[in-house]
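Contents: one structure, followed by commentary.
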Amino acid sequence: MRALFTDIGGVLATNGWDTDTRHAAVAHFRLDAEDIDSRHRLSFELFETGKQSWDDYLKMVVFHEPRPFSHEAFTAFVLEQSQVFPEMLALVAALKQKFGLKVVAVSNEGRELTEHRIQKLNLDAVIDFFVSSCFVHLRKPDPDIFKMALDLAQVRPEETVYLEDRQMFVEVAQGLGLRAIRHRSFEETRAALAALGLDAPLGAGRR
């Protein structure tokens, strides 16, 4: 293995703007869930592929009518939901250090959320570069986003392990020859990596 590709939301951290976060925002701001979900489905691909800003997305999905709260208040609530999974980030960092792996994020997310999460969660301390849908204008399950990541990392599929929490995206990566692991828990993923020969100590307090 020469490279470790990984999703961010659901693997290294909570999702940035998924169904759960959206519904939490709907409940917090007392919005019409059906209306928000309907508008989101029509707009999210533009946002995730970097063709629409977060502000323009919100204008279409949330602020298409007057609200008793501001764009800033809504955005602050959404950004506060992002939390890192420390054990997973530590595992990836340990594997990178021990095996000299290139670590690449392959993720679907809008630009403003991606940039915020990179900084807030200190992801760039571990990840070498980000093949994010908002930067490359491709989104999973399009196989081309994986091909681009392979080209940029200059590795072959069989030299690459990929961590992903969504089964469909695991299958797409496997179809290209990557050794894709579906992430369900820290323990399962660590064991699956060890079975590929990728095992590293995590320091005191962990075995």
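FYI, the numbering just counts along the sequence from 1. Basis for what follows: all heavy atoms, side chains included, without hydrogens, waters or symmetry-related copies.
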Do [X] and [Y] have side-chain N/O donor and acceptor atoms under 3.5 Å apart?
X      : Y      : result
Ser133 : Glu109 : no
Asp35  : Ser38  : no
Gln119 : Glu115 : no
Ser82  : Arg117 : yes
His137 : Thr49  : no

(request) Please answer whether the main-chain N or O of Ala3 pairs with a side-chain N or O of Lys102 as donor and acceptor at a distance below 3.5 Å. (result) no

(message) Using a 3.5 Å distance criterion without hydrogens, assess whether the side chain of Asn15 forms a donor-acceptor pair with backbone atoms of Trp17.
(response) no

Using a strict 4.0 Å threshold on nitrogen-to-oxygen distance, state whether [X] and [Y] make a salt bridge.
X      : Y      : result
Arg22  : Asp37  : yes
Arg190 : Glu187 : no
Arg67  : Glu65  : yes
Asp7   : Lys140 : yes
Arg182 : Glu188 : no
Asp128 : Lys96  : yes

Please find the pair of heavy atoms, one from [X] and one from [Y], that lie closest to each other, and give the distance.
X      : Y      : value
Gly197 : Phe99  : O-CZ, 3.3 Å
Asp165 : Gly9   : OD1-O, 3.5 Å
Ala13  : Leu121 : CB-CD1, 3.6 Å
Phe47  : Gln52  : CD1-O, 3.4 Å
Val103 : Val126 : CB-O, 3.6 Å
Arg39  : Val61  : CD-O, 3.7 Å

Starting at [atom1] of [X], measure out to [atom2] of [Y] and round the result to the nearest 0.5 Å.
X      : Y      : atom1 : atom2 : value
Ile127 : Leu12  : CD1   : CG    : 5.5 Å
Thr21  : Asp18  : OG1   : CG    : 4.0 Å
Leu89  : Leu91  : CG    : CG    : 9.5 Å
Leu152 : Phe130 : CG    : CZ    : 13.5 Å
Glu159 : Met1   : CD    : CE    : 7.5 Å
Asp20  : His23  : CG    : NE2   : 8.0 Å

Do the ring centers of [X] and [Y] come within less than 6.0 Å of each other?
X      : Y      : value
Phe69  : Phe63  : yes
Tyr162 : Phe5   : no
Phe169 : Phe146 : no

(request) Just do the ring pair (Phe, Tyr, Trp, His ring centres under 6.0 Å) check on Phe29 and Phe74 with the steps written out, would you? (result) CA-CA 8 Å; Phe29 291 100; Phe74 190 89; 5.1 Å; yes

Is the shortest side-chain heavy-atom distance between [X] and [Y] below 4.5 Å?
X      : Y      : result
Val104 : Leu150 : no
Arg2   : Thr160 : no
Thr75  : Glu112 : no
Leu79  : Lys120 : no
Arg111 : His116 : no
Tyr57  : His40  : yes

Is there a chain of hydrophobic side chains (I, L, V, M, F, W, Y, each step under 4.5 Å between heavy atoms) that links [X] to [Y]?
X      : Y      : value
Phe135 : Leu113 : no
Leu46  : Val78  : no
Ile145 : Leu4   : yes
Leu198 : Val11  : yes
Leu196 : Val170 : no

Crowding at [atom1], [X] (>12 non-hydrogen neighbours, <6.0 Å):
X      : atom1 : result
Glu45  : CD    : no
Lys51  : NZ    : no
Arg179 : CZ    : no

(message) Assess the residue pair Val136 and Asp144 against the criterion (side-chain contact (heavy atoms from CB on, under 4.5 Å)); give the C-alpha distance rounded to whole Å, side-chain angles, the decisive distance to 0.1 Å, and a yes or no.
(response) CA-CA 10 Å; Val136 302; Asp144 282 350; over 6 Å; no

(request) Determine, stepwise, if the pair Arg184 / Thr189 fulfils side-chain contact (heavy atoms from CB on, under 4.5 Å). (result) CA-CA 7 Å; Arg184 295 183 177 86; Thr189 296; over 6 Å; no

(request) Let me see the working for Val161 and Leu178 under side-chain contact (heavy atoms from CB on, under 4.5 Å), right down to the final yes or no. (result) CA-CA 6 Å; Val161 62; Leu178 284 79; over 6 Å; no

(message) One pair to check against side-chain contact (heavy atoms from CB on, under 4.5 Å): Leu163 and Met88. What are the steps and the verdict?
(response) CA-CA 11 Å; Leu163 307 181; Met88 283 301 301; 4.1 Å; yes

